[in-house]
**Student:** 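Sharing a structure, written as structure tokens. Questions coming.
Values below: every heavy atom of this structure, side chains too, minus hydrogens, waters and symmetry copies.
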4 protein chains.
Amino acid sequence: MSAPSTTAASESAEASAHRRERRKEARPGELLDAALDLFVEKGFAATRAEEVAARAGVSKGTLFLYFPSKEELFKAVVRENLARVVHESAGELDSFEGPSDALLLHFLQQWWARYGATKASGISKLIISEASNFPELAVFFRDEVVEPGTALLRRVLERGIARGEFRPVPIDTTVHLILAPLLFLVLWKHSLGPCCDALARIEPEAYIAQHAELLLRGLRADAAPGTPDSPAPPEPKTP
Amino acid sequence: MSAPSTTAASESAEASAHRRERRKEARPGELLDAALDLFVEKGFAATRAEEVAARAGVSKGTLFLYFPSKEELFKAVVRENLARVVHESAGELDSFEGPSDALLLHFLQQWWARYGATKASGISKLIISEASNFPELAVFFRDEVVEPGTALLRRVLERGIARGEFRPVPIDTTVHLILAPLLFLVLWKHSLGPCCDALARIEPEAYIAQHAELLLRGLRADAAPGTPDSPAPPEPKTP
Amino acid sequence: MSAPSTTAASESAEASAHRRERRKEARPGELLDAALDLFVEKGFAATRAEEVAARAGVSKGTLFLYFPSKEELFKAVVRENLARVVHESAGELDSFEGPSDALLLHFLQQWWARYGATKASGISKLIISEASNFPELAVFFRDEVVEPGTALLRRVLERGIARGEFRPVPIDTTVHLILAPLLFLVLWKHSLGPCCDALARIEPEAYIAQHAELLLRGLRADAAPGTPDSPAPPEPKTP
Amino acid sequence: MSAPSTTAASESAEASAHRRERRKEARPGELLDAALDLFVEKGFAATRAEEVAARAGVSKGTLFLYFPSKEELFKAVVRENLARVVHESAGELDSFEGPSDALLLHFLQQWWARYGATKASGISKLIISEASNFPELAVFFRDEVVEPGTALLRRVLERGIARGEFRPVPIDTTVHLILAPLLFLVLWKHSLGPCCDALARIEPEAYIAQHAELLLRGLRADAAPGTPDSPAPPEPKTP
DNA sequence: AATGAATGAGTATTCATTCAT
DNA sequence: TATGAATGAATACTCATTCAT
């Protein structure tokens, strides 16, 4: 008890300094989170900058301390959330050993767990809505998400076909057909879902499972050997 | 008949009156067309009322003569285009005779021809983008499009299952899985497509065909265990 | 009195149409006038766009209907008022016949009557205040006012020297020395004058007259012939 | 003196304390300097407080530690620099012995050396620009600079006239005519000059010399008899 | 019916000023 | 003292909407 006050004082000083610093470092993240919520919910134009700030618990001015404009905030939201997704799910699949149908199933489930189920999935709706107003972002999305994602799936399909597990199918088209229900799921979640409680609420896991089953039945090369199966139709190539 | 000039005059007067009337009646339609284009391209908020008027060839004031507000114009655009879609494709399928896989194929192809390929398909993007800002429209969309559309598909599936042509599958989930690639197609067309020329351009007919093939393989109830596999499924013919 | 109502009606319709049109055409001028007043009085930054509109008797929005931004309004004010001045006083002096001192006196008096005494003279203060914020305008001022104005004076001096009426003096420097009191006059009028009522109010005409007299005494080549007058000092040329 | 280390330590402590103190005391001066530069260059409104602080090498907060507001900073800048100017050149002229033309020449050259050539000359531009926004400063300027300055010049003229060296001229008007080219010089330096490099750059010394020569020729009472000179016009007195 | 000049509520953005550290 | 993160009043500018013609 000799010098507790001093200790306490310096402790609290440290603590509050820490708190302040932590807040400062956390600010951009908090703002991006708030902005993601609002942009996804209401769209870019209908979201007021002050609202974003308010939801992040700061004032209007603070927002512009971290992002020079609403547009830059929007871009940051997209980049931040996309970057996270893409980088995480990168190489993992290449080291997979086992049958290709299990691999594909794994891919679908992981996609849901890592992206579809998270707030970040709202980005898909954002991009679709604002692609023509932010072409720059659309290109970014294409390069950072669509392209790597389709490349991943393409390798899965090629692996399956090479190993004789999948029928030969037109790769690119099939990739899109595999992704479509995933996109559908997140769009439903962020657009019509909230308005259609009354109607069939989609159960993501069951939906994914059923997608996988239907898909794998469609893909599997379990035709009796010797049966001259329809040869792989030529992939439509863009000229 | 005595004075041909008079007749001619009245004729031309009639004609121009007609023309003017037709124009007058056409006005709202021209405005709705222009508005659909712009709303789809840029979204609701980013579309300026004056632009819509200009594209329709009238002045700003005239727009508000026909529609009391930009919101009402938007709703009218959605309603008009949705109504068109739904009413046309109603009963036709019920009178279909023939195998269910052909029926399903027919459904998919018709959907593309009658909706996906038209300007109206942009409505899907609009609804997805603005659902939370126009819940009323989302409900309208659910009731007028989603519900009847899924009901239609549901009947097709039930027919196929009842006739032993399709495996028993969870109906609602499968309906969504059938619709998802269709939605994907129109969203691609109206959002990322225009920005991604360089990347894989999707060929709608081939895409639909491949969707049908994959889907029908997944649905068909002909996999007798141990039985050497299904006879070659009918090659999807693109018209 | 047979159809007075019709006549009256068409007259009033015409009149109001006219009034409207006249107003529309007058708007930019009214706005420029209001803006000149306020910019001169308070400076560019301290003048609020809405104030300008209010003084011109219109609403904020209307201002931006005619000028795309406050900066452009400012530029228009400068250009409009400068252009007027310069073009008016152009060639007149060249056709002058008579002694050069009378010519110079005429120049000074005209300058006051046509520029110094008008609202437009406030532009000088504006330019001086905002030159570094609107370099573009400073250049415009240099090219459209300073350069032609000094050229005019230069010709007057050269004429006087050539005719033996003026001593040979360094032209450019002297031109600036002639202009300086004129500038001083308008700056006084628009800056300190209003604050210094108590102090000596400058009487423009007397001031100009005294400037002319002092100047002409300094310039006149009436030194007794044979008196070795100071030779014309070399004009400092910028390298 | 026993422990040099202690001495050294305390010396260095003292020194650094001194240095810090000097710095502390210098702060306001550094801020005033920075502010003068920026205010002169860009005007009051276009100068950001943070910029001033940055140029002075301190943080935004520190600025407001020394000056309660931007307006007060501005006033301090003006007061500080004006005070400097006026007090220095006070009595010196009264003790001058010699001809009045030499005295006047001395005045002009000193004015340039002590004021025109220094940063403080930018104050003139500031006052002219902001007189109506800071009437208090305009009055201050009038009382502290214009009035004493003109009084000084007035005495010079009166001396010359009294000694028969200058013609009798209207004093106040002539005072303004003497000052005008000086003001012109500093305004040119701080406004148009920087934008008009290409155009005639004014050489201050030559300009002042020429001003003096022209002026003295105009003032000197050595007109050859026979010239029907105008008698001194009555000075216009403002009541 | 059609026009387009005018309006003014609404919003992004800036920046002097404060205050916890 | 000194800092710089945070604030919010102030202001330029937009655009749906009105209305006199």
**Student:** Output yes when K75(B) and E136(B) qualify as a salt bridge under the 4.0 Å nitrogen-oxygen rule, no when they do not.
**Tutor:**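 Yes, this pair counts.
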
**Student:** Round to a whole Å and report the spacing from CD of E51(A) to C1' of dG10(E).
**Tutor:**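 One finds 13 Å between C1' of dG10(E) and CD of E51(A), rounded.
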
**Student:** Which of these nucleotides, dT17(E), dT11(F), dA12(E), is closest to any side-chain atom of S69(D)?
**Tutor:**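 Of all the options, the side chain of S69(D) is nearest to dT17(E).
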
**Student:** Do you know which two heavy atoms are closest between K125(B) and H190(B), and how far apart they sit?
**Tutor:**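 Scanning both residues completely, I find the closest heavy atoms to be NZ-O, 3.7 Å.
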
**Student:** Dot-bracket for DNA chain F, please. Rules: Watson-Crick or G-U, both distances under 3.5 Å, ( ) within the strand, [ ] when a pair crosses earlier ones, | for another strand, . otherwise.
**Tutor:** .||||||||||||||||||||

**Student:** Choosing from dT13(E), dT7(F), dA16(E), which nucleotide comes nearest the side chain of S59(A)?
**Tutor:**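 Closest of the options to the side chain of S59(A): dT7(F).
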
**Student:** Using heavy-atom distances to pick each residue's nearest nucleotide on DNA chain F, tell me which of R48(C) and G61(A) is more 5'.
**Tutor:**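 So the residue in question is G61(A).
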
**Student:** Specify the separation, in whole Å, of atom CZ of F64(C) and atom C1' of dT11(F).
**Tutor:**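 Value for this atom pair: 9 Å.
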
**Student:** Counting distance alone, no hydrogens or angles: does the base of dT13(E) have a donor or acceptor under 3.5 Å from a partner atom on the side chain of K60(A)?
**Tutor:**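 Per atom types, the contact qualifies.
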
**Student:** Specify the separation, in whole Å, of atom NZ of K70(D) and atom P of dA9(F).
**Tutor:**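 Computing the K70(D):NZ to dA9(F):P distance gives 19 Å.
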
**Student:** Check the distance between dT17(F)'s P and L63(B)'s CG and give it to me in whole angstrom.
**Tutor:**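 In whole Å, dT17(F) P lies 9 Å from L63(B) CG.
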
**Student:** Under a 4.0 Å threshold between the charged nitrogen and the carboxylate oxygen, would K42(B) count as salt-bridged to E51(B)?
**Tutor:**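 Looking at E51(B) and K42(B), the cut-off is met.
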
**Student:** Does T62(D) put a side-chain nitrogen or oxygen below 4.0 Å from OP1 or OP2 of dT3(F)?
**Tutor:**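 Yes, T62(D) has a side-chain N/O under 4.0 Å of OP1/OP2 on dT3(F).
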
**Student:** Grab the two heavy atoms, one from V77(D) and one from I123(D), that are nearest each other, plus how far apart they are.
**Tutor:**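 Scanning both residues completely, I find the closest heavy atoms to be O-CD1, 4.0 Å.
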
**Student:** Would you compute the distance between atom OG of S191(D) and atom CD of E41(D) and round it to the nearest 0.5 angstrom?
**Tutor:**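 Between S191(D) OG and E41(D) CD, I get 11.0 Å after rounding to 0.5 Å.
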
**Student:** Heavy atoms only: give me the nearest F44(B)-K70(B) pair and the separation to one decimal.
**Tutor:**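 That would be O-NZ, 3.1 Å.
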
**Student:** Does E50(C) or F44(B) map to a spot on DNA chain F nearer the 5' end, using the closest nucleotide for each?
**Tutor:**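 Nearest nucleotide further toward 5': that of E50(C).
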
**Student:** Closest to the Y66(D) side chain: dA2(F), dA12(F), dT17(E)?
**Tutor:**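 Closest nucleotide to the Y66(D) side chain: dA2(F).
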
**Student:** Choosing from dT3(F), dT18(F), dT13(E), which nucleotide comes nearest the side chain of V58(D)?
**Tutor:**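 Output: dT3(F).
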
**Student:** Round to a whole Å and report the spacing from CD of E30(B) to P of dA1(E).
**Tutor:**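 Spelled out: CD on E30(B) to P on dA1(E) is 15 Å.
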
**Student:** Working to the nearest 0.5 Å, report the span between CZ of F74(C) and CG of L32(C).
**Tutor:**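 Output value for this atom pair is 12.5 Å.
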
**Student:** In whole Å, I'd like the distance from the CZ atom of F67(A) to the P atom of dA6(F).
**Tutor:**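 That distance rounds to 12 Å.
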
**Student:** Take atom CG of L65(C) and atom P of dA16(F), then tell me their distance rounded to the nearest Å.
**Tutor:**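 Spelled out: CG on L65(C) to P on dA16(F) is 14 Å.
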
**Student:** Could you tell me the separation between the CG atom of L31(C) and the C1' atom of dC13(F), rounded to a whole number of Å?
**Tutor:**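 Result: 15 Å.
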
